[in-house]
Protein chains: 8
Amino acid sequence: VSGPADAAPDAGLPFATLDLDRARRQGAPEVVFGEGKSPEQCVAIAERLAAARHGVLLTRTSDAARAALRARFPEARVHDVARTAWLAPAAPRPVVSGHACVVTAGTSDLPVADECLETLAFLGVPAERVADVGVAGVHRVLARADQLRSARAVVVVAGMDGALPSVVGGLVAGPVIAVPTSVGYGAAFGGLAPLLTMLNSCAAGVTVVNIDNGFGAAMAVWRLFSAAGREELVPK
Amino acid sequence: VSGPADAAPDAGLPFATLDLDRARRQGAPEVVFGEGKSPEQCVAIAERLAAARHGVLLTRTSDAARAALRARFPEARVHDVARTAWLAPAAPRPVVSGHACVVTAGTSDLPVADECLETLAFLGVPAERVADVGVAGVHRVLARADQLRSARAVVVVAGMDGALPSVVGGLVAGPVIAVPTSVGYGAAFGGLAPLLTMLNSCAAGVTVVNIDNGFGAAMAVWRLFSAAGREELVPK
Amino acid sequence: VSGPADAAPDAGLPFATLDLDRARRQGAPEVVFGEGKSPEQCVAIAERLAAARHGVLLTRTSDAARAALRARFPEARVHDVARTAWLAPAAPRPVVSGHACVVTAGTSDLPVADECLETLAFLGVPAERVADVGVAGVHRVLARADQLRSARAVVVVAGMDGALPSVVGGLVAGPVIAVPTSVGYGAAFGGLAPLLTMLNSCAAGVTVVNIDNGFGAAMAVWRLFSAAGREELVPK
Amino acid sequence: VSGPADAAPDAGLPFATLDLDRARRQGAPEVVFGEGKSPEQCVAIAERLAAARHGVLLTRTSDAARAALRARFPEARVHDVARTAWLAPAAPRPVVSGHACVVTAGTSDLPVADECLETLAFLGVPAERVADVGVAGVHRVLARADQLRSARAVVVVAGMDGALPSVVGGLVAGPVIAVPTSVGYGAAFGGLAPLLTMLNSCAAGVTVVNIDNGFGAAMAVWRLFSAAGREELVPK
Amino acid sequence: VSGPADAAPDAGLPFATLDLDRARRQGAPEVVFGEGKSPEQCVAIAERLAAARHGVLLTRTSDAARAALRARFPEARVHDVARTAWLAPAAPRPVVSGHACVVTAGTSDLPVADECLETLAFLGVPAERVADVGVAGVHRVLARADQLRSARAVVVVAGMDGALPSVVGGLVAGPVIAVPTSVGYGAAFGGLAPLLTMLNSCAAGVTVVNIDNGFGAAMAVWRLFSAAGREELVPK
Amino acid sequence: VSGPADAAPDAGLPFATLDLDRARRQGAPEVVFGEGKSPEQCVAIAERLAAARHGVLLTRTSDAARAALRARFPEARVHDVARTAWLAPAAPRPVVSGHACVVTAGTSDLPVADECLETLAFLGVPAERVADVGVAGVHRVLARADQLRSARAVVVVAGMDGALPSVVGGLVAGPVIAVPTSVGYGAAFGGLAPLLTMLNSCAAGVTVVNIDNGFGAAMAVWRLFSAAGREELVPK
Amino acid sequence: VSGPADAAPDAGLPFATLDLDRARRQGAPEVVFGEGKSPEQCVAIAERLAAARHGVLLTRTSDAARAALRARFPEARVHDVARTAWLAPAAPRPVVSGHACVVTAGTSDLPVADECLETLAFLGVPAERVADVGVAGVHRVLARADQLRSARAVVVVAGMDGALPSVVGGLVAGPVIAVPTSVGYGAAFGGLAPLLTMLNSCAAGVTVVNIDNGFGAAMAVWRLFSAAGREELVPK
Amino acid sequence: VSGPADAAPDAGLPFATLDLDRARRQGAPEVVFGEGKSPEQCVAIAERLAAARHGVLLTRTSDAARAALRARFPEARVHDVARTAWLAPAAPRPVVSGHACVVTAGTSDLPVADECLETLAFLGVPAERVADVGVAGVHRVLARADQLRSARAVVVVAGMDGALPSVVGGLVAGPVIAVPTSVGYGAAFGGLAPLLTMLNSCAAGVTVVNIDNGFGAAMAVWRLFSAAGREELVPK
């Protein structure tokens, strides 16, 4: 540029701004949005954070990036459906009491649910998966009602009509976080239909995150678990 | 106008085009959309059709119009929630076997359901009403499953999340006609949210009519009943 | 995942949840949405269902998946325009009286119409096709009016202006199910234009399914035929 | 304002900018959009233009404004449904060969059609009206086909599904100008549905104006008639 | 209606379906959406629930309804800005540890915040209000950071640009529930702008409820508090 | 299909329905929408129509289709920017008096303008092209005002802000047909922005066709020219 | 509320949060959005600020509020079309070199332009108004080109097609701020049409504010003037 | 075409209309929108303008076009992230006092920021870049407040929630130009979400350009700098 340059955010990684201090400040290790990043960039970021003994989660990675991360970090946990890869931090994570439950309406919603589950695993939050219990066969979710009620938070992932969170919200008294997905076609309009359904849920107190945002739902769960025992998780 | 006038549609009723021949052609008596019509206009239309011994249904009438119709036609059936008024045709209506069921998610959906029920009554189609069985308390609709299955067609009326038709569509094997309503606020966008939900229903074979169109759903039921025994209902 | 796993839906098919009991419960054999499934997955699903002597319909299959299904199941009915493949169930299907009619506005709407027709064939519902009778040459559909009236249900498939269902709805007294298609460009907005047209049809009682949802229209027809003689089709 | 004022557009009429020279320049007398103008303002504008022996058309006038214009100008043509009032120019208008035809789908579309017809009358273009020939009873418009073909231009006014211009466009070879109206409810979205229908008309060469813009359609007709004999109509 | 009637939901209150058993089932007393209900209806509902010693919250009440409730129940808590009225249940509510914080961007957002606060008060959840700390003067919210961090959950209410939840989400580690409001004009599109802003928040884990839904945000907080000590709150 | 087949529309061309009688009925030869058609299909259609001595226009053809048409019909007029190919009919076209003018705002609008010009050429309507006279340099279109005024109809093609038709509509008294294009990005929303601009043109009487619909604009011109001398163009 | 109250923003004015320090911090006196505020509230706010010798501007005031302000503050400048009222600060405003120009496309855009002009007057920025120079008569704006070029910034206010900023942007080299208005009907969609037009302006470097936001445009001008001589205007 | 051809815009460059006189008229050298142009076309345009000793900026170029330009013009400044290439004009550019500052919310917004910075460099406007200071970590932008205040104009580039301009607008008193980007997914709707956020900014006087329009923001800055010292920059 023609004027004074901005301070280089990180001399070794010109394509990313890492914040090695965030874990201390916010209580969560680093997360990198992998979309549009090359395999080389993903590996370089992971190397730098691993060297600092921080954990790192990469989301929305390409197939090539995951292959490169697998080769370089055999200890990494890599998930092809969730499109995630992560390295645990060197320091032990605080023990969390209770667990979350991630529910999907259909099998096509699994990639979003798995992104949520992998993020929870990275954050050290135990979680169960309940798949393919959409409301067109409502006996399926009713059969799981006790399992859902035993969780401290329920994430409900659904595309198309997005009706499942309303049913789940009526079955459980605890927090319900709804994730619309872009599964569907035509008047689903890329996830707009289930998004609107969930925002208008007739079950009071259901909250919503962005379309396909399994990562965000996991972070919302983490905020919730964190709130219950925040003192040890978030040093001031 | 400066050119030749159009043929006067009806000398006595310059504000409406009545089609006294429709019942013969299509098998259904006259229906008049009452929105924007004065009490005097509504009475005049009803008088003319009554004189011809045709039945007539007026939908979306104003309070004043219904009062005027009640005063002029004590024998008329007038429904204030449905905003309808109707006179039965002089000729007996064909006997229909079976009945329809009209279900609502909430009490706010009742005006649309009642417009549907009154239209069915006018058409001679027996019908039951099942109110306030929205999916946030899914046990309510499950408790009515046998009642729903006993109907030849089920109309499901829902605003807000519009999720009920998906559950009903999974409970019954017969026709399910979904009616989105403008009940709700904010991201319900005047009924857009339940409309999209219903178009994307995960229960296969659910069909949809326009927002708040209880009349249209009744006509769809009538088409269906008519199809089963069309020979006596629709003279060629 | 870090918590307890969900019950494996089907040990042999980790990528799909089959419901071998559905035919008994709902009276219709299994349907698999093929979009995003590999040829190997499609063949594996079909093999499993064929082994159980269930029929199966695969919709929205890729060219490669259809080739693989053709090679493995020479007896399968595979349709390249409809993008469907199906195997009939071992048990004879109940005999249905009457037939449906599937009408298209233009030749570009044929893939959606053919998906509808193939689904009807799989379900054992007789059907006729009337192609390319859009309203810009309205004499074409008028010439077919008697043919349309002879059907127990008419499915109307149209993109662009989506005007055909309104004309057909005025010609026939029985059920009319409208299917908007994504045929068109510019202000057709991927099928939004004909969808809105159909929802606002001036022919009362026309119902609508999702954009390009030929399968859904067929299921709506099946619900309707089923309703007329449900006792033998849907065992409780 | 704190800076230099703009040149007063018209000392006597601070609320409007009249262009007494436009008739010479563009060949059409003055038109005033009456929405939001008081009866006093409407009368003042008309007085000024009448004094200059110009004609004037006021559209979208309030009831009060039309009453005031009627009282002040007994010779004015005032139309309550069209919401227009006009005074003919003192100079004779050029003779136009041929005539236009304005067609409506339903009786609710008449106010827009009448705004179109009154504008045409003001401009000296002969016109016929054909009302209530919507496509749900397609025989109605077919019965008028010869009448439509005899016009030099056809304006088609329709709300709800907006399907009529596609049928008319297939019946006549001359210009077809489609006017969507805000007639309808729910998914008509204030005229968006018929607007999109008309823009996607399968009848090639149909053109469209804004929702409820009967005035604009008349001006499009006037441009067309003007083009055929422009030399005498538009002095340079 | 012409068929068998639905079971009368409540003989004494034909206009509402009360569920006197809900508090036992779901752990929360009855809430009534007051929009469209007459003062007489509101009083009748409150009388019936008070007789059963249940608490009741009425939201979105009219001015007249609140006046009637004040007159009949001097002990009721009535809030004119929040448009709420409530009676505490006879049984003592469980003691909740911790408190919530409700933050607004501007003074125009206060009615929505107050609906949230009144609902929390009704539910027995302690709460603080922090008003008028929008991001255009970001020092205001920064000055409140410690106060926000001390809460177990933060509700952020904002219209127009809806930017405040992103800033708050970066300041606190616990749950953040964002409520878009319809405050604004033009391209705010009735709350669509802040809704989209919040769904796309760059602060991970922020969740969102419907536009103007202060009640829903309070219920989400209640779910969260309930989850932390559910055993005593929700008897099975 | 399982029911009776539809009458084969054309035994030799199962993929298209040709209407060899249309030229006689509507006065215009056949036009084929080439999108999605293979080179072999395009050639086969052209061969059949050429054999019948009809002309044919193919629009929106692929590069391969145009190459195949060029090879098979050296006499065809093929235009790579317009993506058209056409063969003139054997019979001489009627002589048209006057000409049209096709104007573009920018060079990126040329493909749409050229589709319009090629269609006009095929129809035998003389036309001029005025390119790159967008309103950001308004002197460019002013310099062409006399040229525009000399045309019997002006087609204005513009993307992005779509402002040019308003300026042209103020310069000429004859018909102005506006064509929005999908040129632009971001808030152009695929042509929605110029489409809305044109529908709201402050120049009265401008009409609009679909986004990128150069063909439709040409057909609108043809309708207009046809109207002026219809008797010889359109045999009844 | 049930928890600790927020600090009362201003003991004497519970309905508003005044910031008497803002003028010092940001260099501009207080502005109050008057929509929804009672005459008494408006007067109370003005009294308080006048007592502190601050200036105050109230925008979007009701007729009653302006009457009350006129009665209480005879020295106030009150503008009925702009719906504004203001009191100048006691301290002299800094002298600004140069002036702004506010241009409108039509007379219906004047209220928005006047809100802009009154705000500029309040801020001490000299300004000129150029009214009714929309592009359908493009000679009007061309005749003012030198006047526009003499301004340091040009604000262009336009509804309907919103085309004027593109023409102005091509005529002047300095800053052009475009304000879409809600003037129009149908496909203007409350100002969406001109908003999109302006965002897609083919004149590079035109910037846009919210629909009907004359105040915001004035503030943008003030930022610009402030930037040129910031040191004296904005004390740190 | 069948009518008279348009005047060839430039005999040597049939695919582009160059305006070698614009620098004199408007004070800025030529800019070419590179999207859709081949490497050969880009080189040819640059050669022609270089021969005339004009500078030229090409935006949105393909990788291949930039490679070709690098090879042909080793002195060109080519930027792969910004996708720009430019040659300085032969004549020295006027000296500008002060500088601009371009701020981004995230690293994904850098391509748009860099397009802005390269355009500013081409125009001779000094500029600084401040990257990755989004509001979820609001301390980052606060730490840069003095740097932002030292600029004569600030461009703020942000996708997703688009909240940064509101914070910056509250920190600086000078001009703030907001650029929404298409960074994000789901309910970001291709940049619609940050666009609406910015149009509704609670910081008064922030102006907005089209989505991803870094070039337009630079031109707005150039207009602003030009206005301050226009006399030497824009010869009449």
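Note: hydrogens, waters and symmetry copies are ignored here, and every other heavy atom, side chains too, is used. Below, chains carry the letters A, B, ... as their sequence lines are ordered, and counting in each starts from 1.
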Contact listing (chain B partner; residues 160-167 of chain D; heavy atom under 4.5 Å)
none
With distance as the sole test, does B/N210 use its side chain to make a donor-acceptor pair with the main-chain N or O of D/G186 at under 3.5 Å?
no
Measuring only between side-chain heavy atoms, which start at C-beta, is B/I211 closer than 4.5 Å to D/Y185?
no
